[in-house]
Protein chains: 2
Amino acid sequence: MNEIKHRTHCPISYALDIFGDKWSLLIIRDLMFQNKKTYGEFLKSEERISTNILADRLAMLECAGLLSSKQDTENKSRKIYSLTAKAIDLVPVIIEIINWSATYDFETAAPKEFIARIRTDKQTVINELTAYLKSTL
Amino acid sequence: MNEIKHRTHCPISYALDIFGDKWSLLIIRDLMFQNKKTYGEFLKSEERISTNILADRLAMLECAGLLSSKQDTENKSRKIYSLTAKAIDLVPVIIEIINWSATYDFETAAPKEFIARIRTDKQTVINELTAYLKSTL
DNA sequence: GGAAGCACTTGCATTTTACAAGTGAATTTA
DNA sequence: TAAATTCACTTGTAAAATGCAAGTGCTTCC
């Protein structure tokens with residue numbers, strides 16, 4: 001995978017050049033909240049990503065330093081993907097997005113108690129999730 | 001502009017269906033931080049959006065309820081765009097993205113003092129920016 | 001009244017995405 | 001141990017989105 005081209009060094013533009021598309025953050029979400037780790041697991045998500053786009057995004061995110069991968073020790077044809085520290089540092093971004101969507105999507109699938117916790121004790125939610133994800137590094 | 005199709009009610013997916021592309025958040029950024037308000041001003045941003053995409057995104061963001069527009073009272077052929085409350089509520093998301101990019105882009109254009117303020121007093125930065133933007137509603 | 005400004009639209013080439021099918025290595029099954 | 005299946009992709013092709021250059025139709029300035 002070729003390097004990501006950054007249009008400018010504006011921080012918003014820099015971020016969008018990495019995850020400003022319809023799929024990348026869904027892969028990150030699956031790793032953060034669903035304990036998914038393999039190509040086949042990501043493929044099963046209900047948004048129905050197509051196989052070539054998933055392969056492309058996994059390679060791109062690895063190239064961008066958000067994912068790392070290693071061969072499964074039990075199954076040589078399976079790769080285990082995991083979040084890097086750079087991706088784990090997106091936890092606050094993800095939490096704020098969840099909070100925003102839960103406010104404006106009246107049919108949101110976000111669990112009510114989770115949203116309530118974000119609203120009463122956001123920093124703790126962020127700290128706990130971050131600590132959990134870092135503990136698996 | 002036709003309604004936005006949401007793939008699922010997952011909060012991440014919901015948000016990406018609205019602003020998960022390379023341009024929408026740059027328009028929001030220009031409204032939030034650069035005091036830009038018109039088509040011509042957005043067009044001048046250094047990322048060089050093309051004219052048809054800008055027109056498409058302005059219509060889409062208005063349809064999604066993030067922007068409102070009115071005719072300029074002084075110039076009938078000019079439209080003034082402004083952020084709605086729904087877009088202003090993205091301030092925390094934007095601030096977290098800026099913080100993340102400033103961490104990982106070693107050549108970030110984000111002003112050092114602004115990043116420092118985000119890191120020492122994030123909530124105040126968010127509150128002040130939000131209050132300022134809401135004061136112009 | 002003509003020129004210029006402004007906010008778009010149009011046409012077309014290029015790139016990206018979606019969908020279906022195929023591939024080859026590793027693993028499981030008979 | 002040979003055959004079938006799983007797994008992680010790749011390939012081909014059609015459809016959609018994007019980029020670029022040019023054009024359009026108001027409005028305002030001179």
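Note on naming: letters A, B, ... go to the chains in the order of the sequence lines (proteins, then strands), and numbering restarts at 1 for each one. Values reported hereafter were calculated over all heavy atoms of this structure, with side chains retained and with hydrogens, waters and symmetry mates removed.
If you run side chain to side chain contact (heavy atoms under 4.5 Å, CB included) between Lys86(B) and each of Ile88(B), Asp89(B), Leu90(B), Thr84(B), only Thr84(B) comes through. Shown are Lys134(B), Lys122(B), Arg117(B); of these, the salt bridge (Lys or Arg N to Asp or Glu O under 4.0 Å) with Glu128(B) is made only by Arg117(B).
To the nearest angstrom, P of dG24(C) lies 19 Å from CG of Asn75(A). With rounding to whole Å, Asp72(B) atom CG is found 11 Å from dC6(C) atom P. For the pair Lys22(A) NZ and dA18(C) C1', the computed distance is 15 Å after rounding to whole Å. Atom-to-atom, CD1 of Ile53(A) to C1' of dA15(D) comes out at 13 Å; the value is rounded to the nearest Å. Atom CD of Gln71(B) and atom P of dT27(D) are 8 Å apart (whole Å). Residue Ile49(B) contributes atom CD1, which lies 13 Å from atom P of dC8(C) at whole-angstrom precision. Counting to the nearest Å, the C1' atom of dA7(C) and the NZ atom of Lys70(B) are 17 Å from each other. Rounded to whole Å, the distance from CG on Leu54(A) to P on dC19(C) is 14 Å.
When the side-chain nitrogen and oxygen atoms of Trp23(A) are compared with OP1 and OP2 of dT16(C), none of them lie within a distance under 4.0 Å. OP1 and OP2 of dC20(D) both lie 4.0 Å or more from every side-chain N or O belonging to Arg48(B).
Atom OG1 of Thr51(B) and atom CG of Asp56(B) lie 11.0 Å apart (nearest 0.5 Å). Annotation: the span from Ile98(B) atom CD1 to Ile94(B) atom CD1 amounts to 6.5 Å, rounded to 0.5 Å.
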Are any protein N/O atoms closer than 3.5 Å to N/O atoms in nucleotides 8-14 of chain D? If there are, list each pair with its distance.
{"unit_1": "dA8(D)", "atom_1": "OP2", "unit_2": "Gly40(A)", "atom_2": "N", "d": "3.0"}
{"unit_1": "dC9(D)", "atom_1": "OP2", "unit_2": "Tyr81(A)", "atom_2": "OH", "d": "2.8"}
{"unit_1": "dT10(D)", "atom_1": "O4", "unit_2": "Thr51(A)", "atom_2": "OG1", "d": "2.8"}

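In summary, the aromatic rings of Trp23(B) and Phe42(B) are positioned with their centroids too far apart to meet the 6.0 Å limit.
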message: For a salt bridge (Lys or Arg N to Asp or Glu O under 4.0 Å) check, start with the C-alpha distance between Asp17(B) and Arg7(B), then their side-chain angles and the critical distance, and finish with the verdict.
response: CA-CA 8 Å; Asp17(B) 289 337; Arg7(B) 294 169 288 182; 2.9 Å; yes
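For Asp105(A) (side chain) and Ser101(A) (main-chain N/O), no donor-acceptor pair under 3.5 Å exists by modelled atom type.
Residue order along DNA chain C, read from the 5' end via each residue's closest nucleotide, puts Asp21(A) first among Asp21(A) and Glu74(A).
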